[in-house]
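Lettering follows sequence order; numbering is per chain, from 1.
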Amino acid sequence: MRASRLFLPTLKEDPAEAEAISHKLMVRAGLVRQLAAGLYIYLPLGLRVLNKICQIIREEMNAIGAQELSMPVLQPAEIWMQSGRYESIGEEMFRLKDRGGREMVLGMTHEEIITWLASREIRSYRELPQVWYQIQTKLRDEARPKSGVLRTREFIMKDSYSFDTDAEALDRNYQLHIDAYNQIFKRCGIDFFMVDSDPGMMGGATAHEFMAPSPAGEDEVALCKCGYAANVELARSVPGHPDYPEPGGEEIATPDARTIEEVSGYLDISPDLLVKSILVITDAEPVLAMVRGDHELQESKLTRAIGGFRPATREEIRDITGADAGFIGPVGLDIRLVADESLREGVFVAGANKNGYHLQGVQPEVGFRPEWADIRRVKPGEKCPICDQSEEGLRIERVIEIGNIFKLGTKYSKPLNATYLDETGKEREIIMGSYGIGPARIAAAAIEQLADERGIVWPAAIAPFAVHLVLVQPQDSQQAAMAEKLYADLMGAGIDTLLDDRKISPGVKFTDAELLGLPIRIIIGKRAVAGGRLEVQSRRSGEEYQIDPGEAAEKIGSLLAAL
RNA sequence: CGGGGCGUGGCGCAGCUUGGUAGCGCGCUUGCUUUGGGAGCAAGAGGCCGGCGGUUCAAAUCCGCCCGCCCCGACCA
C-alpha cells in the first residue's frame, strides 16, 4: 500500500476525551474514530489489525475442528423469553419492535440462537460432538462505555459453542478451547494468562477467563507464584491471624466512633480485631454480612451466598437494628447472619446495635450463630489457598479480559429443548459450552503492553503492515527507483509493506512511522542510494541492520519470523 | 443511575469572573524556496461559540431547561 493513497489520518496531539494509552494511540495513529459513546469506526489501518487477529482466531478454531457459521444480530425476543434471559438481563439489552409490532432484540451474545439451531437440527448422539463458531457483532447497552475500544456498546466477538453428549465430552471440548486460546493469544504476541472466573449467578458451572495484564484493564486477579490465578470476584486466600483478647461480651462506650478506623483508633486496637457489619436487603429478607475489620466485602461472593441484594438505606438500618450504621452488629439481631470464614475463630469488637456503643470480647458461635461463607475480598500479601507457601503471598494485578470460557451444561438446552437420542433411544439434553474472544481487546491490550513514548509497537503477527518503507525524497529519481524495486520485491515475497511515498518533509514520515509502530522500518534516502545498502530498523528493539537490496525480501522475511 | 468535569473553525486550546469587533497553535488551500527527524516566506479559506428559551439596547459571556462527551462509582449473560 502506498501512503500517498492510504486513508490514514494521524494526529499530533492526544484527543481530549481519551484517557487510556490504547485509546489515545488508536485515535492518533488513525486506526479508529469515535462516532458516539461506545461506538467506533474502524479506519483502514484499524480494520487491518482486526482482520489479522480474526484470521489467527479462525485458523486456531478450525484447527480444533470448530466450524464457522454466522447468526443474525437482530433476533426475535421470544427465544430470549424462553431461556429466561429476556427478564433477567434488563437494561443492558437493546430491545425494539418490528413494523408488525413483534418484539425483537439486538443480540448481546448468541447462546439462545445457537441453541435454537441445535434444537432443530441435532437429533442423534451420532451427530455429536459439534463445535460451531462465528465472528459477529454484539450489541450491549453498556451503562458506561469507556477506555476507547475496551468497553463499547457495539463490538465484534468470536463466540463458539460446543455440543456434547455428556460431561466428559464437554471437558474435552473445554480443554481443546483452552489449547486453542493459548495458541491464539501467544500468536498475537501479547502477555496473558488464564484465571478461574466467576460463572455468574447460574452457579455450579466452571468458568475461566483469559487476561492480559494492563493498568487500563477493568478486572483484577489474584496470582501466586505456584500458579494459582483467580479473578478477585472469587479468589480465595488464607488471612493472617491476630492475637485475640479474652472473651467477654461487655458493652463499651465508643462515642462518635463509627468507621473501622475511628473505632480501632479510639479503642487503640488493630482493625483485624473488629467485625465490620454491613446490612443488605435481598428480595426476601434483610441480611447482615460480616467481614473482619481489615477486610473488604466482595459483593460477587456475597451474591453467590445469598443471591441478589442491595445495600440497606439509612432508615432500614435504624428500623432493623435499632442503631445507625457504624454501631450495628450481629449480637442479639434476629435476622439472617452471614459471616466471613476469617471470623470463625477469634474474639472481636462488634457494634452493639445501640448508638455510641460497641461490644468487646464477642465470640462467633457463642455471641451469635451465623452462616459461614467466604465473602471477603483477598488482600495482596495474604497466603495462597493452594500452596500456602510463598513468602510474598498473593499479588493482585489489573487485567484486560480478552477471552472467557464457560461450561454451560444444560442451562440453554433445557429451556430451549435441545435434545438428542442416545444409544438406547433415550432423549437427553445436549451438554453445552460457550467460549468468547474480543479481537478489539487483543489489539488494545497489545498497544497497552508494548507502546512506548513515541507510539505503538505492534507484534509482527497483528501489525497492519509488516514493513514501513520510508522513501525520504520521492522527487529523487534514484531513491524512488530503489524504493519501487524494493516495494515490488517485498510485496512479491508476500510481505505486507507500507510505502511512504508522500511528498512531505522527512521528519513527519519518521514520526508517523514511530507512531504507527510497524515492526520493521526501512529508510531509502541519500545514504541508501550512495552506499547501496538498506537501513533496516526494528521498531521494538531499535536494532539496526544493513542489508543488501538484492536479498532484502529473504532477509526481512526471516527477521519478521524471528520477531 | 449517583458524583465530578467539559462542549468555541478539522484537531488542541484561550476568551466567560467584569456582556459590546471571536482569537492562538497545529492542520488545510495557492505560490516560491526547502528536503535524513514534526521546514521557511507570502497570500488565503474555514466558526448558528452544543440546542432551545429567558434577561438586556446588546449574550460565547448572565439565568433556566435540554442534549452530547469524558472521568469516578454503581452496573457488566
_Partners passing ring pair (Phe, Tyr, Trp, His ring centres under 6.0 Å) against A:Tyr133 (at least two apart in sequence or in another chain)_ = none

*When you get a sec, tell me which of B:rA74, B:rC69, B:rG37 is the closest nucleotide to the side chain of A:Ala143?*
B:rA74

*Nearest-angstrom distance from the residue atom CD of A:Glu544 to C1' of B:rG36*: 12 Å

_Using atom P in both nucleotides, what's the gap between B:rC11 and B:rC67 to the nearest angstrom?_
23 Å

*Should A:Lys526 be listed as having a side-chain N or O under 4.0 Å from OP1 or OP2 of B:rU35?*
no

*Cation over ring, A:Arg85 on A:Tyr412, under 6.0 Å and within 45°?*
no

_Contacts of type ring pair (Phe, Tyr, Trp, His ring centres under 6.0 Å), residue A:Trp132, not counting sequence neighbours_ = A:Phe163

*asked:* So A:Ala18, base contact, sugar-phosphate only, or nothing? Heavy-atom distance under 4.0 Å.
replied: nothing

*Which residue lies toward the 5' end of RNA chain B, A:Asn404 or A:Glu514, if each is placed at its nearest nucleotide?*
A:Glu514

*Check every strand shown and say whether A:Arg502 touches a base, only sugar-phosphate, or nothing at a heavy-atom separation below 4.0 Å.*
nothing

_Without decimals, in angstroms, what is the distance between A:Met432 CE and B:rA77 P?_
17 Å

*Only one of A:Val457, A:Ile190, A:Ile400 clears side chain to side chain contact (heavy atoms under 4.5 Å, CB included) with A:Gln449; which?*
A:Ile190

*Verify the contact: side-chain N or O of A:Arg144 to OP1 or OP2 of B:rC72, cut-off strictly under 4.0 Å; return yes or no.*
yes

*Between B:rC75 and B:rG19, how far is it from one C1' atom to the other, in whole Å?*
44 Å

_Tell me which nucleotide, if any, is Watson-Crick or G-U wobble paired with B:rG44 when both distances must be under 3.5 Å._
B:rC28

*Report which part of the nucleic acid A:Tyr412 touches: base, sugar-phosphate, or nothing (heavy-atom distance under 4.0 Å, all strands).*
sugar-phosphate

*Provide the full list of salt bridge (Lys or Arg N to Asp or Glu O under 4.0 Å) pairs with a residue in residues 205-222 of chain A, sequence neighbours left out, each pair given once.*
A:Lys146-A:Glu218, A:Arg151-A:Glu218, A:Glu220-A:Arg377, A:Glu220-A:Arg398

*Using a 4.0 Å heavy-atom cut-off across all strands, classify A:Lys503 as base, sugar-phosphate, or nothing.*
nothing

*Taking only Lys NZ, Arg NE, NH1 and NH2, and the carboxylate oxygens of Asp or Glu, determine whether A:Glu154 and A:Arg140 approach each other closer than 4.0 Å.*
no

*Tell me: CD1 of A:Ile504 to C1' of B:rG27, nearest whole Å?*
12 Å

*Does B:rU34 have OP1 or OP2 sitting under 4.0 Å from an N or O in the side chain of A:Gln475?*
no

_Atom C1', compared across B:rG54 and B:rA58: separation rounded to whole Å_ = 15 Å

_Counter-base of B:rU34, judged by Watson-Crick or G-U geometry with both distances under 3.5 Å_ = none

*asked:* Can you tell whether the side chains of A:Arg304 and A:Asp198 come within less than 4.0 Å, N to carboxylate O?
replied: yes

Name the pairs: protein N/O against N/O of nucleotides 9-12 of chain B, kept only if under 3.5 Å.
unit_1, atom_1, unit_2, atom_2, d
B:rG12, OP1, A:Ala16, N, 3.2
B:rG12, O4', A:Glu13, OE1, 3.4
B:rG12, O2', A:Glu13, OE2, 3.3

*asked:* Going by the rule ring pair (Phe, Tyr, Trp, His ring centres under 6.0 Å), which residues pair with A:Phe193 if we only count those two or more places apart in sequence or in a different chain?
replied: none

_B:rA22: pairing nucleotide in any strand, Watson-Crick or G-U under 3.5 angstrom_ = none

*Using atom CG of A:Leu469 as one end and atom P of B:rG36 as the other, report the distance to the nearest whole Å.*
17 Å

*asked:* Considering every strand and a 4.0 Å limit on heavy-atom distances, what is the contact class for A:Ala528: base, sugar-phosphate, or nothing?
replied: base

*Name the residue closer to the 5' end of RNA chain B, choosing between A:Met108 and A:Arg153 according to the nucleotide with the nearest heavy atom.*
A:Arg153

*Tell me what A:Glu401 touches on the nucleic acid: a base, only sugar-phosphate, or nothing, going by heavy atoms under 4.0 Å.*
nothing

*Count the heavy atoms belonging to other residues, nucleotides or ligands that lie under 6.0 Å from CD of A:Glu261, then report whether that count exceeds 12.*
no

*Hey, could you give me each pair passing ring-ring contact (aromatic ring centres under 6.0 Å, His included) that has a residue in residues 5-40 of chain A? Not counting sequence neighbours.*
A:His23-A:Tyr40

*Tell me, which of residues 434-455 of chain A have any heavy atom that sits under 4.0 Å from an atom in RNA chain B?*
none

*Taking the same atom, C1', in B:rG64 and in B:rU55, what whole-Å distance lies between them?*
11 Å

*For B:rG7, which nucleotide in any strand shown is its Watson-Crick or wobble partner with both distances under 3.5 Å?*
B:rC67

*Name the nucleic acid region contacted by A:Ser147, choosing base, sugar-phosphate or nothing; use a 4.0 angstrom heavy-atom cut-off, strictly under.*
sugar-phosphate

_Using atom P in both nucleotides, what's the gap between B:rG51 and B:rU8 to the nearest angstrom?_
10 Å

*Which whole number of Å gives the distance between the P atom of B:rG50 and that of B:rU61?*
8 Å

*Please determine if a side-chain N or O atom of A:Lys12 lies less than 4.0 Å away from the OP1 or OP2 oxygen of B:rG27.*
yes

When the side chains of residues 464-477 of chain A are checked against the rest of the protein, which donor-acceptor pairs come out under 3.5 Å, sequence neighbours left out?
unit_1, atom_1, unit_2, atom_2, d
A:Asp476, OD1, A:Gln478, N, 2.9
A:Asp476, OD1, A:Gln479, N, 2.9

_Nearest-nucleotide pick for A:Arg85, side chain only, options being B:rA77, B:rC75, B:rG37_ = B:rA77

_Closest approach to the side chain of A:Ala37, judged atom by atom: which nucleotide of B:rG38, B:rC71, B:rC70 is it?_
B:rC70

*side-chain hydrogen bond (donor to acceptor under 3.5 Å, both in side chains): which pairs involve residues 431-441 of chain A, sequence neighbours left out?*
A:Glu111-A:Ser434, A:Ser162-A:Tyr435

*asked:* In whole Å, measure the gap between the P atoms of B:rU18 and B:rC63 for me.
replied: 10 Å

_Roughly how many Å apart are B:rA60 and B:rC49, using the P atom of each and rounding to a whole number?_
7 Å

_A:Asp171/A:Lys407 salt bridge by N-O under 4.0 Å criterion_ = yes

*Partners passing ring pair (Phe, Tyr, Trp, His ring centres under 6.0 Å) against A:His208 (at least two apart in sequence or in another chain)*: A:Tyr174

Between protein and nucleic acid, restricted to nucleotides 39-44 of chain B and to nitrogen or oxygen atoms under 3.5 Å apart, what atom pairs and distances do you find?
unit_1, atom_1, unit_2, atom_2, d
B:rA39, OP2, A:Ser505, OG, 2.7

*Figure out the CD/P separation between A:Gln298 and B:rA74, and round it to whole Å.*
10 Å

With a cut-off of 3.5 Å and sequence neighbours excluded, list every side-chain donor-acceptor pair involving residues 511-527 of chain A.
unit_1, atom_1, unit_2, atom_2, d
A:Thr511, OG1, A:Gly507, O, 2.9
A:Thr511, OG1, A:Val508, O, 3.1
A:Asp512, OD1, A:Thr10, OG1, 3.2
A:Asp512, OD2, A:Thr10, OG1, 3.4
A:Asp512, OD2, A:Arg502, NH1, 3.3
A:Asp512, OD2, A:Arg502, NH2, 3.0
A:Glu514, OE2, A:Arg454, NH1, 3.4
A:Arg521, NH2, A:Gln537, OE1, 2.6

